[in-house]
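To find a chain, count down the sequence lines: A is the first, B the second, and so on, and within it residues start at 1.
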Amino acid sequence: MSLPVVTRFAPSPTGSLHLGNARTAFFSHLWARKSRGRFILRIEDTDVERNQARFRDELMVDLGWLGLDWDEGPDIGGPSAPYSQSERGAFYQDLFTRLQRSERVYRCYCTAEDLELSRKLQRMAGKPPRYAGTCRNLSAAERADREARGLRPTLRFAVPNEAVIDFDDLVHGPQKFAASDIGDFIIRREDGSAAFFFCNAVDDAVMGVTHVLRGDDHLTNTPRQLMLLDALELRRPGYGHVGLLVGADGAPLSKRHGSTSVHEFRERGFLSPAVLNHLFHLGHASDVDRWLAPADMPAHFRPEHLGRASARFDESQLMHWQKEALQRMSTAEIRAWLGSNEPPEFIDLVRHNIVLPADAAPWVAVVHGELPPLGPEERRVVADAGPAFFSAAAEALDQSGTDLKQLTKLLKERTGRKGADLFMPLRVALTGQAHGPELAPLLLLMTPETARLRLESYAQNS
RNA sequence: GCUCCCUUCGUCUAGAGGCCUAGGACAUUGCCCUCUCAAGGCAAGUACACGAGUUCGAAUCUCGUAGGGAGCGCCA
């Protein structure tokens with residue numbers, strides 16, 4: 001077993017937990033659990049405009065539902081508290097001061113409009129849109145002048161010109177970037193708050209995170225964070241960039257792909273072990289491809305087999321794990337999952353015909369309720385049998401009651417039909433569908449009156 | 001525009017020069033079982049993006065090409 005690994009999940013509470021984020025959180029969690037290390041939850045709520053307490057709470061509920069428990073976090077504290085970045089301002093200020101003393105940063109008085117214009121111009125000239133360095137070498141007098149005009153500065157990191165930053169990506173392997181391709185970037189906003197590149201990197205280092213797992217989209221941002229950490233003489237965590245989770249068409253997962261948030265899948269009745277089993281195989285190759293109980297997953301997690309390419313989300317595979325999950329549930333558990341008042345016999349009967357809770361409704365209707373209109377296949381079966389068959393069936397039912405064995409015995413004698421020719425019309429008339437659970441127990445759950453009415457509705461009009 | 005990343009069956013993936021006439025899982029199709037569906041069993045089809053090169057030998061190494069994606073934000 002490897003050395004203890006400290007991982008984290010650092011979401012910003014600006015929306016509900018996305019399946020892709022849930023997956024990175026899951027991988028991080030697995031890695032920590034595999035090595036008997038720690039998993040940290042840190043809330044990155046530095047963007048006051050977009051953050052909502054509601055999302056923060058939802059996030060924790062969703063994580064909890066998935067079974068991703070954290071050892072340190074905003075709700076339970078820990079050695080590196082606080083775990084919400086909105087509460088870490090004083091700590092960041094100290095580090096800003098340190099950087100200012102070492103002259104690795106400078107104040108930038110450019111306004112957002114200035115910068116946007118500059119970027120536009122550069123783009124038009126076919127150049128990479130980078131900070132022009134306007135404020136990098138301001139004299140004391142120039143600075144005083146701008147302060148006097150009431151301009152509030154941001155703090156920029158002065159990227160060393162000739163440096164080359166290399167690091168070993170946990171999933172991509174060796175990476176090398178030229179600092180000359182990177183513009184000076186903002187680490188403290190005009191309002192004094194810490195920007196992402198800064199607080200994200202610094203918190204990981206200072207909280208003892210050893211392995212940062214995140215989406216591919218951060219790969220080219222990593223050198224910035226590394227320079228920052230080096231300037232501060234903070235320990236560099238290992239960074240691993242996993243391929244993004246995308247929709248069936250290969251485009252980034254979005255609303256038009258259907259459900260994309262953990263919350264939505266839960267609402268539709270997906271079970272968390274099913275979601276976990278599916279996520280376990282998306283962009284990750286385990287040594288097993290059969291069902292795993294969540295508790296057994298860490299042992300089969302292979303960080304060295306995390307995918308570099310993006311992975312497409314395919315709901316049919318989730319469905320498969322959902323069926324597997326269902327198979328492993330007790331009658332009582334399924335009953336609770338369905339929120340059903342039906343007796344256990346009913347649950348046992350229909351459970352194999354249900355993948356999502358919505359699938360139960362037709363079978364409830366079969367036992368007590370109205371049958372929907374027949375489909376094409378069902379109409380054909382009824383027509384093939386003919387009205388005389390159903391007349392005979394209704395009569396036979398008077399003698400047999402809801403005992404299917406008796407009923408079919410009598411009907412066989414009277415109509416000469418047997419096998420599928422005998423059972424199918426009965427099934428269709430009684431349940432409204434050509435497919436479904438065993439007919440005999442289903443019939444037993446109906447009242448004789450219901451059964452008779454259903455058979456008579458296809459009989460010869462008398 | 002510049003920098004970086006990615007590319008094996010429909011999908012998720014195995015594969016780190018000969019074990020690959022490319023394996024597994026899901027999905028699909030057929031057969032068996034069966035009143036039907038589900039489950040289970042058996043079977044089938046389908047993939048190394050393309051082009052050069054290195055090598056006795058390449059899915060695996062090198063270089064190009066194409067396609068997709070990301071970053072270059074006072075968003076994270």
Side-chain angles (χ1 to χ4, degrees), chain A residues 10-12 14 44-47 49-51 85 108 110-112 115-116 119 122-131 152-156 169 171-172 175-178 180-183 185-197 199-200 214-224 241 243-244 246 248 250-252 278 280-290 305 307-321 323 326-327 350-355 377 381 404 408 418-428 431 433-440:
Chain A
S12 58
T14 55
E44 307 223 324
D45 50 356
T46 54
D47 184 353
E49 305 263 298
R50 301 199 305 156
N51 290 315
Q85 291 187 328
C108 172
C110 298
T111 65
L115 296 169
E116 195 164 328
R119 274 194 295 272
Q122 292 181 81
R123 248 185 246 275
M124 285 197 310
K127 288 200 207 143
R130 280 202 283 275
Y131 180 61
R152 302 197 53 198
T154 60
L155 203 60
R156 272 187 198 272
D169 189 276
V171 349
H172 287 269
Q175 302 290 313
K176 191 193 276 188
F177 292 87
S180 54
D181 286 326
I182 300 169
F185 53 95
I186 290 178
I187 61 171
R188 190 185 67 197
R189 305 189 186 100
E190 190 182 318
D191 64 4
S193 64
F196 167 78
F197 287 134
C199 48
N200 175 267
R214 34 149 63 159
D216 239 351
D217 47 344
H218 286 294
L219 184 58
T220 48
N221 288 154
T222 308
R224 277 168 243 270
H241 294 90
L244 258 22
V246 297
H278 184 226
F280 194 67
H281 296 282
L282 263 184
H284 169 242
S286 177
D287 55 344
V288 294
D289 50 28
R290 52 162 210 279
H305 279 265
R308 292 156 295 284
S310 56
R312 295 179 191 224
F313 176 75
D314 177 1
E315 200 165 284
S316 75
Q317 297 191 30
L318 210 209
M319 288 294 187
H320 168 253
W321 296 116
K323 287 180 197 166
L326 243 21
Q327 268 178 34
V350 303
R351 58 181 292 170
H352 298 299
N353 291 272
I354 293 173
V355 180
E377 189 186 355
V381 171
L404 185 70
T408 51
K418 57 181 180 174
D421 287 342
L422 178 66
F423 281 88
M424 284 304 282
L426 281 177
R427 168 177 292 282
V428 169
T431 71
Q433 294 173 71
H435 311 298
E438 257 191 289
L439 191 52

Q. Could you give the CZ-to-P distance, from Arg214(A) to G69(B), as a whole number of Å?
A. 22 Å
Q: State whether the distance check finds a donor on one side and an acceptor on the other, under 3.5 Å, for side chain Arg427(A) versus base C35(B).
A: yes
Q. Tell me: CZ of Phe196(A) to C1' of C75(B), nearest whole Å?
A. 9 Å
**Q.** P spacing across the pair G40(B) / C26(B), given as an integer number of angstrom
**A.** 8 Å
(Q) I want to verify a distance call: between A39(B), G1(B), A76(B), whose nearest atom is closest to the Arg189(A) side chain? (A) A76(B)
Q: Determine the contact category for Ser12(A): base if any of its heavy atoms lies under 4.0 Å from a base atom, sugar-phosphate if only primed atoms, P, OP1 or OP2 are that close, otherwise nothing.
A: sugar-phosphate
Q.
As a test of reading the structure: which of C12(B), U7(B), G1(B) is closest to the side chain of Ala309(A), going by heavy atoms?
A. U7(B)
**Q.** Distance in angstrom units between Met424(A) CE and C35(B) C1', rounded
**A.** 7 Å
Q. Counting any heavy atom closer than 4.0 Å, what does His241(A) reach on the DNA or RNA strands: base, sugar-phosphate only, or nothing?
A. nothing
Q: Compare the minimum distances between each of C6(B), C12(B), G15(B) and the side chain of Arg312(A), then state the nucleotide with the smallest one.
A: C12(B)
Q | Out of C5(B), A14(B), U13(B), whichever nucleotide has its closest atom nearest the side chain of His305(A) | A | A14(B)
Q. Which of these nucleotides, A39(B), C12(B), G1(B), is closest to any side-chain atom of His281(A)?
A. C12(B)
Between the protein and nucleotides 25-29 of chain B, which nitrogen or oxygen pairs are less than 3.5 angstrom apart?
from   : atom 1 : to        : atom 2 : distance (Å)
A25(B) : O4'    : Asp289(A) : OD2    : 3.2

**Q.** Rounded distance in Å - NZ (Lys418(A)) to C1' (U34(B))
**A.** 16 Å
Q: Give the rounded distance in Å between these two atoms: CG of Leu244(A) and C1' of A76(B).
A: 13 Å
Q: Could you measure between the two C1' atoms, the one in A58(B) and the one in G15(B), and give it in whole Å?
A: 13 Å
(Q) Heavy atoms from C-beta onward define the side chain here; which of A76(B), C12(B), C74(B) lies closest to that of Ala112(A)? (A) C74(B)
Q | Euclidean distance for P, G24(B) against G41(B) (whole angstrom) | A | 15 Å
Q. When you compare U60(B) with A47(B), how far apart are their C1' atoms, in angstrom units rounded to a whole number?
A. 15 Å
Q: Scan Gln175(A) against the nucleic acid and name what it touches under 4.0 Å (heavy atoms): base, sugar-phosphate only, or nothing.
A: sugar-phosphate
Q. How is Asp217(A) classified with respect to the nucleic acid when contacts are heavy atoms under 4.0 Å: base, sugar-phosphate, or nothing?
A. sugar-phosphate
Q: With heavy atoms under 4.0 Å as the rule, sort Cys110(A) into base, sugar-phosphate or nothing.
A: base
Q. Out of A38(B), A76(B), C37(B), which nucleotide sits closest to the side chain of His435(A)?
A. C37(B)
Q) Picking from Asp217(A), Asp216(A), Thr222(A), what satisfies side chain to side chain donor-acceptor pair (under 3.5 Å) with His241(A)? A) Thr222(A)
